[in-house]
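Structure, as structure tokens:
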Amino acid sequence: MGADTAALFTGLVVDYLADTRDESSRVSTALSYDEIAARFDEPIPRTGIPLATIIERLRREVIADANHLYHPRYVGHQVCAPIPVAIWTESLAAALNQSLAVQEMSPTTTALEHRVISWMCELVGWDSHSGGTLTSGGTEATLTALLAARAAAVENVWAHGLGENPPVLICGEHAHYAVTRAAGVMGLGMRSVLVIPTLDGRMDTAALRATLDRLRDEGRQVMAVVATAGSTATGSFDDLTAIGEECTARDIWLHVDGAHGASALLSDRDRHRLDGIHHARSIAWDPHKLLLMPLSAGVVLVRRESDLEAAFAQKAPYLFHGAEGEWIPDQGVRSLQCSRRADVLKLWVALQRHGTDGIGALHDHLCDVAMTMHDLLVEHPAFEPLHRPESNILCFRWIGDGTQTDDELDAVNRSLRERYNRSGHGWITATYLGGRRALRVTIMNHRTTAEHVRQVIDGLAREASTLA
């Protein structure tokens with residue numbers, strides 16, 4: 001029975017991956033949410049049905065109208081076409097079903113998690129006092145890091161709360177919403193979040209310095225400064241050296257949201273974009289982005305592992321058995337989650353199979369394709385790239401023949417993206433830059449080449465000609 005079940009599901013996935021090599025196939029569905037939801041509008045099953053029937057429904061009703069991330073003209077959101085060995089490791093993680101809260105519940109995978117975390121801290125440039133844990137993603141990683149920063153800033157905060165004069169949290173205007181979400185969750189409130197303007201897509205370090213000076217003169221405490229390495233909108237990198245030196249000189253906690261961009265540490269060519277990251281007290285890093293892991297695989301790293309333990313000042317004698325002050329391998333004392341699957345397995349397997357050099361080369365390929373698309377758009381009379389890509393993210397705008405107003409162009413660019421995605425020929429996303437609608441691509445598939453992004457541009461131009 002087990003072998004038959006495995007064969008059916010394995011065959012389904014193998015067929016799907018093979019089908020995505022057909023570049024004439026649709027990239028995504030043309031159906032609306034309501035049309036898709038209608039096919040699953042049925043009462044809860046009271047009795048079981050044959051597995052073969054379920055497999056066929058998966059093939060026809062789920063896979064067929066999904067977003068096909070392996071299709072080389074899918075250049076949408078920051079969700080990758082995963083490395084194949086990591087896909088197949090997922091089934092092993094599910095079969096073992098280890099919970100990484102406590103070492104005795106996950107003896108081998110706990111050791112693997114500590115080893116992988118150690119490797120990642122080594123890439124950052126930290127010493128053996130550093131540590132961390134896997135998370136569900138960058139949002140949880142940033143929240144966890146800022147909980148550690150809160151514990152460092154406010155004495156006995158776990159027991160007594162923030163009080164009437166909470167510390168200030170500082171971030172750039174391009175920071176991910178995870179920062180303000182963390183502020184809300186922690187009880188800081190948005191009034192305690194100060195936003196530094198950007199300059200050429202990066203945090204304005206002069207404005208940061210002036211803000212820190214003003215807060216010092218006012219006697220207000222700064223809980224943390226959050227810098228961004230690989231912003232969601234454009235993939236830009238803050239000046240971590242300047243920001244890090246400023247925070248170090250003032251003894252302020254620096255958190256680097258490197259959920260997207262920290263993977264450049266594996267690239268010999270691009271790791272300079274992260275110069276200064278060693279100044280950070282904490283880092284968010286998403287292997288399920290540019291390390292090409294299946295969802296989910298986030299990581300929070302801290303320069304001093306004890307800081308992470310201080311973030312969760314709780315006792316649970318039914319789980320954690322270490323004496324006061326004793327280091328224990330249990331990751332539950334360092335994590336927001338209790339029940340945690342062994343996501344580290346897929347990351348460890350991928351590193352074993354490809355090494356940092358191999359994964360770094362994939363990173364460089366994705367960034368190269370984004371730069372190629374930029375150069376193609378520069379040459380195209382109807383499009384305008386809005387920045388030079390620093391990673392695998394590129395924003396641009398259809399400008400037509402230059403006779404339309406900005407408001408008219410906003411409307412065309414909005415409709416253009418919707419029509420193109422419904423066509424099935426490709427899939428892109430969008431954002432706002434400078435208050436104007438922008439088209440946006442993220443190259444997350446190792447199959448995508450220069451020819452494919454040329455096809456995306458041509459497809460968008462054809463749709464735009466009908467709109468204009």
Side-chain angles (χ1 to χ4, degrees), residues 20 27-28 66-83 137-139 174-178 201 228-237 257-264 266-267 270 273 284-298 359-377 383 385-398 413-414 416-418 420-421 425-433 437-457 459-460:
T20 60
V27 180
S28 187
N67 289 339
H68 303 306
L69 307 185
Y70 272 100
H71 194 294
R73 289 191 300 277
Y74 180 92
V75 287
H77 290 286
Q78 292 160 280
V79 186
C80 71
I83 293 174
T139 299
H174 60 293
H176 191 271
Y177 73 82
T228 301
S231 66
T232 299
T234 64
S236 62
F237 289 74
D257 180 0
H260 190 80
S263 295
L266 277 67
S267 166
D270 289 342
R273 300 193 187 281
W285 186 349
D286 276 355
H288 62 224
K289 290 189 171 74
L290 283 177
L291 294 188
L292 304 182
M293 293 297 102
L295 292 167
S296 61
I359 298 175
L362 290 174
H363 170 280
D364 290 352
H365 167 73
L366 301 177
C367 296
D368 287 344
V369 173
M371 181 58 72
T372 297
M373 187 169 186
H374 169 273
D375 294 344
L376 291 170
L377 289 167
F383 290 97
L386 300 179
H387 62 100
R388 187 175 176 84
E390 295 183 38
S391 61
N392 61 327
I393 298 174
L394 176 62
C395 296
F396 58 103
R397 191 163 159 89
W398 183 85
N413 279 276
R414 180 182 294 107
L416 174 56
R417 183 230 175 189
E418 294 169 355
Y420 180 66
N421 289 355
H425 297 308
W427 210 97
I428 66 170
T429 182
T431 188
Y432 284 90
L433 292 180
R437 186 76 168 179
L439 305 175
R440 177 175 171 274
V441 299
T442 314
I443 312 301
M444 299 290 288
N445 180 359
H446 63 275
R447 291 180 181 173
T448 302
T449 66
E451 178 55 32
H452 295 121
V453 294
R454 186 189 301 275
Q455 292 168 5
V456 169
I457 294 170
L460 286 167

For the residue pair [X] and [Y], establish whether any side-chain heavy-atom pair is separated by less than 4.5 Å.
X: Met373; Y: Ile457; answer: yes
X: Asn392; Y: Met444; answer: yes
X: Leu69; Y: Asn445; answer: no
X: Val369; Y: Thr449; answer: no
X: Val27; Y: His425; answer: no
X: His77; Y: Thr442; answer: no
X: Phe383; Y: Leu460; answer: yes
X: Gln78; Y: Thr232; answer: yes

Check your understanding: Quick one: does Asp257's side chain have a donor or acceptor within less than 3.5 Å of a partner on Ala284's backbone?
Key -> no
Return the minimal non-hydrogen interatomic distance between [X] and [Y], and the atom names on each side.
X: His288; Y: Cys80; answer: O-SG, 3.7 Å
X: Leu290; Y: His363; answer: CD1-CD2, 3.8 Å
X: His446; Y: His365; answer: O-NE2, 3.2 Å
X: Asp286; Y: Lys289; answer: OD2-NZ, 2.5 Å
X: Pro287; Y: Gly298; answer: CD-CA, 3.9 Å
X: Leu386; Y: Phe396; answer: CG-CA, 3.9 Å

Study note, to complete from the structure: Contacts of Arg414 meeting side-chain hydrogen bond (donor to acceptor under 3.5 Å, both in side chains) (sequence neighbours excluded), chain-then-number -> Tyr432
Exercise for review: Kindly write out the residues that satisfy side-chain hydrogen bond (donor to acceptor under 3.5 Å, both in side chains) with Ser231, not counting sequence neighbours, or none if the list is empty.
Suggested key: Thr234, Ser236
Practice item. Report the residues that fulfil salt bridge (Lys or Arg N to Asp or Glu O under 4.0 Å) with Arg440, sequence neighbours left out, ordered by chain and then residue number. Key: none
Between [atom1] of [X] and [atom2] of [Y], what distance do you get to the nearest 0.5 Å?
X: Arg417; Y: Leu439; atom1: CZ; atom2: CG; value: 9.0 Å
X: Leu291; Y: Ile83; atom1: CG; atom2: CD1; value: 7.5 Å
X: Leu366; Y: Leu292; atom1: CG; atom2: CG; value: 6.0 Å
X: Cys367; Y: Leu394; atom1: SG; atom2: CG; value: 11.5 Å
X: Leu266; Y: Asp364; atom1: CG; atom2: CG; value: 10.0 Å

Exercise for review: Check the pair Ser391, Arg273 against side chain to side chain donor-acceptor pair (under 3.5 Å), reporting the backbone distance first and the verdict last.
Suggested key: CA-CA 10 Å; Ser391 61; Arg273 300 193 187 281; over 6 Å; no
Exercise for review: Give me the ring orientation class for Tyr74 and Trp427: parallel if the planes are under 30° apart, tilted from 30 to 60°, perpendicular past 60°.
Suggested key: parallel
Point to revise | Verdict with reasoning, Thr139 to His176, per side-chain contact (heavy atoms from CB on, under 4.5 Å) | key: CA-CA 9 Å; Thr139 299; His176 191 271; 3.9 Å; yes
Practice item. Verify side-chain contact (heavy atoms from CB on, under 4.5 Å) between Asn67 and Val79, making sure each step is shown before the conclusion. Key: CA-CA 11 Å; Asn67 289 339; Val79 186; over 6 Å; no
Exercise for review: Quick one: do Arg447 and His71 satisfy side-chain contact (heavy atoms from CB on, under 4.5 Å)? Show the steps, please.
Suggested key: CA-CA 8 Å; Arg447 291 180 181 173; His71 194 294; over 6 Å; no
